[in-house]
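Reading through the C-alpha cells given below for one structure.
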Number of protein chains: 2
Amino acid sequence: MARRLRVSEVSDGQMGGQKKIKNMEEFAAVSGISRPTVSKYFNDPDSVRRSTRERIETALERYDYRPNIYAINQNRRLTKNIGIVVPYLADPFFAEIARMIERLCIESGYRPILFSSHGEPAIENENMDSLRAIKPAGVLMAPLGRASDKSAIDAFCRNVPTVLFDSNIEGMGEAFVGSDNHSFVSQTVEYLNRTGEPPCFFEMRHPVNPNANKRRTAYLSMMEMLGLEPHVIKIEGSGWGFEEIGRQGGLGVLEKKLLPTNTVLCSNDRLAIGFLSACCEKGVRVGRGKGCSLRVASHDDHPFSRFTCPSLTTAAHDYAAVSDHAVETLFRLIESGGRFDRRTESLFPARLIMRQSA
Amino acid sequence: MARRLRVSEVSDGQMGGQKKIKNMEEFAAVSGISRPTVSKYFNDPDSVRRSTRERIETALERYDYRPNIYAINQNRRLTKNIGIVVPYLADPFFAEIARMIERLCIESGYRPILFSSHGEPAIENENMDSLRAIKPAGVLMAPLGRASDKSAIDAFCRNVPTVLFDSNIEGMGEAFVGSDNHSFVSQTVEYLNRTGEPPCFFEMRHPVNPNANKRRTAYLSMMEMLGLEPHVIKIEGSGWGFEEIGRQGGLGVLEKKLLPTNTVLCSNDRLAIGFLSACCEKGVRVGRGKGCSLRVASHDDHPFSRFTCPSLTTAAHDYAAVSDHAVETLFRLIESGGRFDRRTESLFPARLIMRQSA
DNA sequence: AGTAAAATTTTACGCGCGTCAAAAAACTTT
DNA sequence: AAAGTTTTTTGACGCGCGTAAAATTTTACT
C-alpha cells in the first residue's frame with residue numbers, strides 16, 4: 001500500500017526520459033531521492049547536500065517536473081506570492097514602475113501578481129479581495145488616493161503585510177515609499193524663477209492623488225521663500241483622464257487669458273501634455289526660444305514627456321530608487337513577520353530634466 | 001472522529017457572528033447544511049434548492065467565508081483562471097485592451113491574470129511557464145511577433161487552450177482575433193490621396209510586429225490600385241521604444257530631405273508620435289492648414305495620439321470589438337474542450353479619425 | 001578507528017476541498 | 001396517502017504537497 005516506487009519500476013524502457021512525471025512522489029522515485037528531501041530541495045536548493053542536489057538536478061533535466069503550485073500554496077503557511085496594485089495601469093508611469101518591481105520580485109524568487117484598479121475604488125476593493133484569496137507573503141500597493149475606500153484599505157493592511165508606494169495614506173500600511181514632492185517642486189520653481197518669470201501653478205481643483213496637494217503646498221512655500229506672489233490656477237474635471245482635463249483647462253485659461261505670467265508649472269506631466277496640446281491648438285508657441293510666448297514645465301518625467309512638442313522640461317522620479325527601496329522594504333517586512341515596530345516613510349528626491357518647453 | 005459539528009457546538013455564544021470560519025466544514029456547520037452541498041453551491045449556486053441557497057447566503061452574510069482557492073484549484077480538473085499575455089504593457093494600447101479583457105472575464109466569473117512580456121522573448125517564455133503552472137482554463141495571448149520563440153509558443157498552444165490576438169502567428173493557437181490591417185491602410189491612403197498629395201510610407205526596417213508587414217503590403221497594393229508610385233521609407237532601430245526610433249528616423253529624413261512627398265503615412269501611432277517630435281524639433285509645421293509644409297497620418301488611434309501637436313489623424317482599432325470577440329472566442333473554445341475543428345481568424349475594420357495633422 | 005554532528009530516509013499525518021455512491025429526506029404528482 | 005422524483009446527507013477517498021518525529025545513513029573531526 002502506497003509503498004515507494006523504485007527506479008527500476010518506473011523506468012521507461014527504451015524511451016529514455018520521456019515518461020511523464022505526475023507528482024513529487026514519482027519524481028523522487030526517478031531521481032532516487034526520497035520525497036521529503038525533494039520537497040526540501042524545491043523550497044531551498046541549498047538546504048540539501050551537494051551530491052543530492054546534483055542528482056535532483058540531473059533528473060530535472062531529463063524529466064522536466066514542476067511542483068504543483070496549488071498544492072504548495074495550500075500547505076505552506078506563507079506563499080511566495082507578492083501582490084502589486086497600481087491605481088491606473090494605462091498610465092505608462094505605473095506600467096514602468098510595475099515592470100521594475102516585478103523584475104525585482106522574480107529575482108528574489110517570488111511570484112509577483114499585478115493588479116490595476118483602473119481608477120475606480122470599487123475595483124481597488126475587488127483587487128484587495130483577490131489578494132486576500134491568494135494569501136500573498138506581502139503586497140506593494142499604490143492606492144488611488146482621495147477616492148480610495150480608506151477603511152477598506154486600513155482593514156486590508158491590518159491583515160496583509162503591505163507597503164504603500166507612490167501615493168501615501170497617512171498611517172496605513174507598515175511603510176511608505178515614494179517621491180519627495182518638495183524636492184520636485186523646489187527644483188522646478190527655482191529653475192523657472194532663475195531663468196525667467198516666476199511660474200504660476202496649474203492643477204486640478206479636486207486632484208485624485210495626494211501628491212498633488214503636497215506639490216501645491218510646496219509651490220506656495222517655495223514662492224514665499226523667494227518672496228514672490230504665488231498664483232494657483234485650478235481647473236475642473238474628474239477622473240483619471242488627466243490629459244483631456246489638462247487640455248480643456250488649458251483651452252479655458254488661454255481663451256480667457258487668465259495666465260498671470262508667461263510661465264506655467266503643471267502639477268504633473270499628464271496635465272502638462274494636455275496643456276501643451278491646448279497651446280498647439282490655440283497657436284501659442286511654447287518654449288524658451290524667441291518667438292515663444294509661454295514656458296511650460298511639470299513634474300514626473302512621464303515616459304512620453306520627451307516626445308511632446310516642444311519636449312517637456314520636468315522633474316524626474318527616481319523610478320529605480322523608489323521601486324528598489326519599496327521592494328527591499330517589503331522583503332524586510334516579510335522577514336520581520338509582517339509587522340514593523342514603527343511606520344517609516346521614505347522619500348526620494350527628483351532630478352531636473354531640462355528640455356525645450358522651459 | 002471527524003464527526004460533523006452541529007450548530008450548537010460551534011455557536012459563538014453572545015458574540016453573534018464574530019466566529020472565524022476556517023474551512024468549508026465549519027461554514028457548513030454554522031449554515032446548517034452539509035459540506036458537499038455547500039461545495040455544490042459554490043460551484044454553481046443554481047444547482048441547489050432555493051431554500052438551501054437562501055440559508056447558505058444568509059450564513060454568508062454573517063460569517064464572510066470564502067473557499068480556499070488553492071484547495072479548489074488543486075482538486076478541480078479545470079481552474080477558472082484565464083491568462084492574458086501582452087507584449088508590452090508600458091504601451092497604453094495594450095494596457096487599454098487588457099483592461100477591457102479583464103473586465104469581460106470577471107463578468108463571466110473567471111479570474112484573469114495579466115502578464116507582460118516587456119518586449120523580451122525570454123520573458124514571454126517565462127510567462128508561458130508561469131501560465132502552465134496555474135493551469136488556466138484558457139489563455140488570451142498577444143505574442144511579441146517576430147522576436148517570439150515560435151516553437152515555444154507552438155508547444156504552449158498545444159498544451160493550453162489559447163486564442164491569439166492583435167498579432168497573428170500563422171497556424172498557432174486555436175483562433176486569432178485582430179484588426180484588419182488592409183482596412184486601416186486603405187482608409188488612410190484613400191483619404192490622404194483624396195485631400196492632397198499621395199503619402200509615402202514611414203516604417204521600421206525590421207518591424208517587431210507582423211502587423212507592420214501587412215500594413216506595408218496594403219500600402220503598396222493600395223497605391224498600385226490608385227495608379228500611384230509608392231515610396232517606402234525604412235528607418236533603423238530595434239526594440240520597443242518606437243517613439244524614440246520614430247524621432248531619430250524623422251530627424252534623419254528631415255535633415256537629409258529624403259521625403260518624396262509632403263505627406264507621410266506612419267506605420268503606427270507610436271512611430272508617428274516620435275516623427276512629430278522630430279518635426280517640432282526641426283521647426284517643420286505639420287498639418288493641413290496654411291503655413292504647414294507636411295501632413296502626417298498613422299494607424300492605431302493610440303490613447304495619446306489625440307494630444308500630439310498637432311493632434312494625429314489616424315485609423316482607430318475597434319478596441320471593444322476585438323476584445324469582445326477574443327474573449328467570446330476563448331469561452332467557446334473552453335466549452336468545446338479546448339479544441340476547435342479548424343482555426344479561425346477574425347479581423348475587424350478600422351475607423352478613420354480625422355484630426356489636425358492631415 | 002571511533003564518535004559526534006549533519007543530512008537523509010521512513011513513516012505518518014494534515015491541509016481544504018472535489019467528488020462519488022448509497023442512504024435518507026424533502027418535495028411532487030395522481 | 002402512496003408512489004415517484006429530486007435534493008440533500010453521510011461517509012469515504014483522493015488530490016499533491018508540507019512537515020514533523022524517529023530511525024538510519026553519511027560526513028566531519030578528534
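First the proteins, then the strands, lettered A, B, ... as listed; each starts at 1. Reckoned from all heavy atoms, side chains included, excluding hydrogens, waters and symmetry mates.
Summarising the geometry, the separation between CG on B:D46 and C1' on D:dT7 is reported as 15 Å, rounded to the nearest angstrom. In this structure, CZ of B:R50 is placed 12 Å from P of C:dC27, rounded to the nearest angstrom. Computed from coordinates, the A:R55 CZ to D:dT26 C1' distance equals 12 Å when rounded to whole Å. Between A:I33 atom CD1 and D:dT25 atom P there is a gap of 16 Å when expressed in whole angstrom units.
Phosphate proximity of D:dT9 to B:S34: present, with a side-chain N or O under 4.0 Å from OP1 or OP2. OP1 or OP2 of C:dT8 has at least one side-chain nitrogen or oxygen of A:T52 nearer than 4.0 Å.
Looking only at atom types and distance, the side chain of A:Y41 has a donor-acceptor partner in the side chain of A:E57 under 3.5 Å away.
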Which atom pairs, donor and acceptor, lie under 3.5 Å between side-chain atoms of residues 128-135 of chain A and protein residues at least two apart or in another chain?
residue	atom	partner	partner atom	Å
A:S130	OG	A:E126	O	3.2

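Shown here are the side-chain hydrogen bond (donor to acceptor under 3.5 Å, both in side chains) partners of A:R103, two or more places apart in sequence or in another chain: A:E107. B:D46 meets the salt bridge (charged side-chain N to carboxylate O under 4.0 Å, His left out) test with B:R53; sequence neighbours excluded. Partners of B:E120 under the salt bridge (charged side-chain N to carboxylate O under 4.0 Å, His left out) rule, at least two apart in sequence or in another chain, do not exist in this structure.
At most 12 non-hydrogen atoms from other residues, nucleotides or ligands lie less than 6.0 angstrom from CZ of A:R77.
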Polar atom pairs (N or O), protein with nucleotides 4-6 of chain C, under 3.5 Å:
none

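Classification of the B:F42-B:F27 ring pair by plane angle, with boundaries at 30° and 60°, yields tilted.
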Produce a footprint string for nucleotides 13-21 of chain C: one letter per nucleotide, 5' end first; B if the base is under 4.0 Å from any protein heavy atom, S if only the sugar-phosphate is, - if neither. -BBBBBB--
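Minimum interatomic distance between B:S117 and B:L144 (heavy atoms only, all atoms of both residues): CB-CD2, 4.0 Å.
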